[in-house]
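We count ligands from 1, going down the list as the structure has it; atoms in each ligand are counted the same way.
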Amino acid sequence: MKRIRDDAMKIGLKAIETVLPENAVRAALRGGEFSGRTNGGGKVVLVAIGKAAWRMAKAASETLGDRLSGGTVVTKYGHSMGQIEGLEIFEAGHPFPDGNTLSGTARALEKVKHLSEGDTVLFLVSGGGSALFEKPRDGVTLEDLVSVTDQLLACGADIVEINTIRKRLSSVKGGRFARFVEPARLFAVVLSDVLGDRLDSIASGPAHPDGSTVRDALRIVEKYGLSLRPGLLEALGEETPKELGNVSTVIAGSVSALCAAAEKTASELGYRTLLLTTTLNCEAREAGSFLASIARQIRASGTPLQPPCAVVLGGETVVHLKGKGKGGRNQELALAAALGIRELQDTVLLSLGSDGTDGPTDAAGGLVDGHTAGVLAGLGMDPESLLAENDSYRGLDACGCLVRTGPTGTNVNDLAVLLCR
Ligand SMILES: O=C(O)C(=O)CO
């Protein structure tokens with residue numbers, strides 16, 4: 001089993017490497033679209049927002065050198081790795097915006113305020129941008145934003161719903177930042193952490209026409225019984241830009257790129273590949289059992305693929321916590337799969353978060369095989385009880401099946417790879 005476990009790790013780590021912010025930004029800036037846009041001269045001013053902002057900005061600064069006329073980076077506390085020549089760096093609150101969010105954003109706006117038609121704003125966007133890039137709409141306070149974010153995070157709303165509300169309380173979200181920089185052009189490089197790569201939802205879409213409407217926003221308020229004071233309801237009633245004429249966008253990293261890279265390595269290692277989905281979004285343990293059923297089918301009848309084969313999935317599963325244990329969605333998926341592939345030879349399942357952090361643990365996910373359930377039983381642990389207690393971390397740790405990568409610096413959802421040799 002060692003060889004196939006090693007193959008799974010190679011596939012997972014190489015896939016993450018492909019979507020590291022540095023690689024993603026360099027590839028986007030070397031592409032013809034950006035060069036074509038900036039060849040005619042004019043200033044290029046950088047604005048980088050999100051958890052990967054520092055690393056994206058560093059790569060842009062190294063790639064563009066003195067073509068950059070300064071800029072601003074706003075990232076989460078602890079995510080800056082020092083000064084970058086010519087750029088101002090702010091660290092700020094996440095998931096709740098704070099005073100630094102507002103001052104970092106104000107500086108960014110200041111620098112792009114008086115640009116002209118031949119100038120370009122290089123806008124580097126990554127997950128977390130909603131909390132880190134903010135200028136509240138007139139009449140909306142920082143305290144309002146914190147209270148609304150708090151309600152939205154607690155009520156079970158998904159990221160598209162959460163950001164539908166955030167956009168309307170903001171002067172920079174929902175396409176309004178792109179309007180602000182007019183007549184300059186804006187070139188956005190986006191590292192997507194939203195399933196389906198909805199550009200109007202990633203970081204609340206500061207430079208993308210907003211696909212959501214006032215009606216959607218009001219429906220969300222009603223659905224979750226949000227308590228908003230009248231001034232905020234008024235802000236929700238104002239429509240966001242639906243068309244922008246000054247923006248080009250490249251999605252430089254996403255779960256699709258993560259999966260494509262996994263398929264490529266698997267195929268180089270001699271596996272037939274099948275990309276099953278890039279929008280996996282169900283309960284983690286159900287995804288694990290489903291993948292185990294596919295493994296059994298492959299072993300029994302060579303369908304849908306003959307071994308050696310790799311089935312690749314991307315997305316983000318959910319866990320509805322019932323127990324008091326410790327774990328994460330990837331670990332729970334792996335543990336459920338371990339039960340289902342019990343005693344299958346040459347079969348492994350890897351599930352890991354591309355950011356290197358799975359739930360409130362130091363692991364990125366789990367790597368299990370046909371022996372894992374038996375090993376757990378030998379240690380006196382019952383996989384079913386571990387699952388019932390949401391205690392996947394303890395079980396996988398005990399049998400050496402946790403994957404620890406440390407923080408990877410990127411964040412494009414999760415990857416699962418089923419390998420059968
Ligand atoms: O809106 C955000 O900040 C997210 O993390 C989703 O992109």
In this structure, atom 1 (O) of ligand 1 is nearest to the protein heavy atom Ser130 OG, 2.5 Å
When the side chains of residues 148-157 are checked against the rest of the protein, which donor-acceptor pairs come out under 3.5 Å, sequence neighbours left out?
{"unit_1": "Thr149", "atom_1": "OG1", "unit_2": "Leu145", "atom_2": "O", "d": "2.6"}
{"unit_1": "Gln151", "atom_1": "OE1", "unit_2": "Ser227", "atom_2": "N", "d": "2.8"}
{"unit_1": "Gln151", "atom_1": "NE2", "unit_2": "Ser227", "atom_2": "O", "d": "3.0"}

Basic-acidic side-chain contact under 4.0 Å: Asp200, Lys167: yes
Identity and distance of the protein heavy atom lying nearest atom 7 (O) of ligand 1: Asp193 OD1, 2.6 Å
Identify the closest protein heavy atom to atom 4 (C) of ligand 1: which residue and atom is it, and at what distance? Gly128 N, 3.4 Å
Note: Leu132, heavy atoms under 4.0 Å from ligand 1, region reported as neither
Inspect the contact between Lys76 and Glu91 and indicate whether a charged nitrogen and a carboxylate oxygen are less than 4.0 angstrom apart. no
Polar contacts were defined as any N/O atom of the residue lying under 3.5 Å from an N/O atom of the ligand; does this apply to Val194 and ligand 1? no
Tell me whether Gly129 has any N or O atom under 3.5 angstrom from an N or O of ligand 1. yes
Whether Arg185 and Glu117 form a salt bridge (side-chain N of Lys/Arg under 4.0 Å from carboxylate O of Asp/Glu) is what I want to check. no
Check: Asp193 main-chain N/O paired with Asn413 side-chain donor or acceptor under 3.5 Å: yes
Taking only heavy atoms of Gly127, which atoms of ligand 1 are found under 4.0 Å from at least one of them? 5 (O), 7 (O)
Looking just at side-chain N and O atoms, do Thr213 and Asp216 make a donor-acceptor pair shorter than 3.5 Å? yes
May I ask you to say whether Glu222 pairs ionically with Arg219, meaning some side-chain N is under 4.0 Å from a carboxylate O? no
What do we get for Asn163 next to ligand 1 when only non-hydrogen atoms under 4.0 Å count, side chain, backbone, both or neither? side chain
Does at least one non-hydrogen atom of Arg166 fall below 4.0 angstrom from an atom of ligand 1? yes
Where ligand 1 meets Ile202 - atom numbers and elements under 4.0 angstrom, heavy-atom basis: 7 (O)
When you measure from the side chain of Glu283 to the backbone N and O of His320, does any donor-acceptor pair fall under 3.5 Å? yes
Region of Ala203 engaging ligand 1 - heavy atom pairs below 4.0 Å: backbone
